[in-house]
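Worksheet: one structure, shown below.
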Protein chains: 2
Amino acid sequence: MTVGRRRGAELEEAILRAAAEELRASGYAGMTMDKVARRAGTNKNAIYRRWPQRAALGVAAYKYVADARTPTVDTGSLRGDALELLRQANATWSSPHGAVLRDLLAAAADEPALLELLREQAGGGALSAAWFTLLGRAVARGEAPPEAVQPRVAALPMTVLRGEYALRGVPAVPDEVLVEIVDEIYLPLIRGRGLPCPKPQPAG
Amino acid sequence: MTVGRRRGAELEEAILRAAAEELRASGYAGMTMDKVARRAGTNKNAIYRRWPQRAALGVAAYKYVADARTPTVDTGSLRGDALELLRQANATWSSPHGAVLRDLLAAAADEPALLELLREQAGGGALSAAWFTLLGRAVARGEAPPEAVQPRVAALPMTVLRGEYALRGVPAVPDEVLVEIVDEIYLPLIRGRGLPCPKPQPAG
DNA sequence: CCTGATACGGTACGCCCAGTACCTTGAGGA
DNA sequence: TCCTCAAGGTACTGGGCGTACCGTATCAGG
């Protein structure tokens, strides 16, 4: 009746796919080991043989669907680039895919090892690199002072966007907020860093 | 043996105290209803008669210990005020008290009602008000341009600090980072917003 | 083709915890 | 005093994580 007993990579694929589907359908909280096993047409043993804990499976399932595409933009202006990158990030986090990631982050609060992995995905590596190159290009064009190229400054819009997520309940920040972040915060900050700027109150 | 059967407010106090102690001892995940009941010298019924769910008890216990002190600072300069407020926030979030709050936030990801309450505590109301008055004073002193008085701008240092928490595993951000946030981001931003600033590249 | 080793499948556990039901017992008010 | 209501005690359902055990299919090697 069955097409034979699956083993190794094939079974692993099936489990990951099932876990990913469960994540999408019920969120991380609803991703039960039994349900994953049933959906994958196997049982919990096969899962626990590969991942020691539910959280580990969750992370694996997330990485399975997360195509680690490095965001790239080049609109020709700092403003355009920043806005585009923000929009991409906003779209990503607003998708069900982003919801899963947020659930996972919340649920893994007591699993240091998993937090590490997730943190990377959530905006550690590739993303901050994108902001760096973006700023670098702006400097080359003379749009930004070299002093502005600095980790905390470069990726500030993403930080503010995350803050916006924290304030509102759920993502999907309206586009005008993204524009505001760029025009009222990022660009003025870059400008402000360009000034040798005598303090307005040179007291002291 | 016992001092008699406790009722009403007295019992409620005891439960809240016990729940708070459990939170401190084992985090939210370890705050079991049975354990709270046992520690309070009562049983789960008395708890469920007052709070319908575990999460509700968690929030109540948190609010029980959280003395909602409104932070106030006035060092005489924008830089000093901002730094002081950041230091206070950092101290708060680094304390076990802050750890409980973070646990709670993570655990309540699927309880919209609780999220609301927590969000308020986490920096919604009183805190952003403090940043507003701080900036207002700076404007009055001529240290900052009036255009800078804007929600997202005013509380930006807190947003960046939260971002720092997200990147590192656990709070307790070193003091020099707080200084950097103020000197490299907040102050330059305020400065930059003061300029009518012709765009460096007026293309278009 | 036969024989192991390995891993899959099935099932049944143990444990813990949330939340509920039911009854007994004490305390305070009328 | 008696009555009511809440507190205490205990047991139970339901469900989820993680484990154990055992039969069985697949694969590798001779």
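The basis for the numbers below is simple: all heavy atoms, side chains too, and nothing from hydrogens, waters or symmetry mates. Chain A is the first sequence line, chain B the second, and so forth, proteins listed ahead of strands; every chain is numbered from 1.
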Ionic contact status for [Y] with [X], cut-off 4.0 Å:
{"X": "A/E12", "Y": "A/R50", "result": "yes"}
{"X": "B/R17", "Y": "B/E21", "result": "no"}
{"X": "B/R152", "Y": "A/E164", "result": "yes"}

Can you measure [X] atom [atom1] to [N] atom [atom2] for me and round it to whole angstrom units?
{"X": "A/Y28", "N": "D/dG16", "atom1": "OH", "atom2": "C1'", "result": "12 Å"}
{"X": "A/M31", "N": "D/dC17", "atom1": "CE", "atom2": "P", "result": "8 Å"}
{"X": "A/R5", "N": "C/dA7", "atom1": "CZ", "atom2": "C1'", "result": "8 Å"}
{"X": "A/Y48", "N": "C/dC8", "atom1": "OH", "atom2": "C1'", "result": "17 Å"}
{"X": "B/R38", "N": "D/dT10", "atom1": "CZ", "atom2": "C1'", "result": "14 Å"}
{"X": "B/Q53", "N": "C/dT20", "atom1": "CD", "atom2": "P", "result": "9 Å"}
{"X": "B/E13", "N": "D/dA7", "atom1": "CD", "atom2": "P", "result": "14 Å"}
{"X": "A/R7", "N": "D/dA28", "atom1": "CZ", "atom2": "C1'", "result": "11 Å"}

Kindly write out the residues that satisfy ring-ring contact (aromatic ring centres under 6.0 Å, His included) with A/W131, not counting sequence neighbours, or none if the list is empty. A/Y186

Side chains of B/E13 and B/Y64: any donor to acceptor distance under 3.5 Å?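 Note: B/Y64 and B/E13 side chains meet the donor-acceptor criterion.
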
Filter on salt bridge (Lys or Arg N to Asp or Glu O under 4.0 Å), then keep only pairs touching residues 84-100 of chain A, sequence neighbours left out; what's left?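 As it turns out, the salt bridge (Lys or Arg N to Asp or Glu O under 4.0 Å) pairs with a partner in residues 84-100 of chain A, which skip direct neighbours, are A/R87-A/D175.
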
Under 4.0 Å protein heavy-atom contact, by nucleotide of nucleotides 10-17 of chain C - B base, S sugar-phosphate only: BB-----S

Checking all strands, does A/R50 fall into the base, sugar-phosphate, or nothing category for heavy-atom contacts under 4.0 angstrom?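 The answer is sugar-phosphate, as A/R50 gets under 4.0 Å only of primed atoms, P, OP1 or OP2.
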
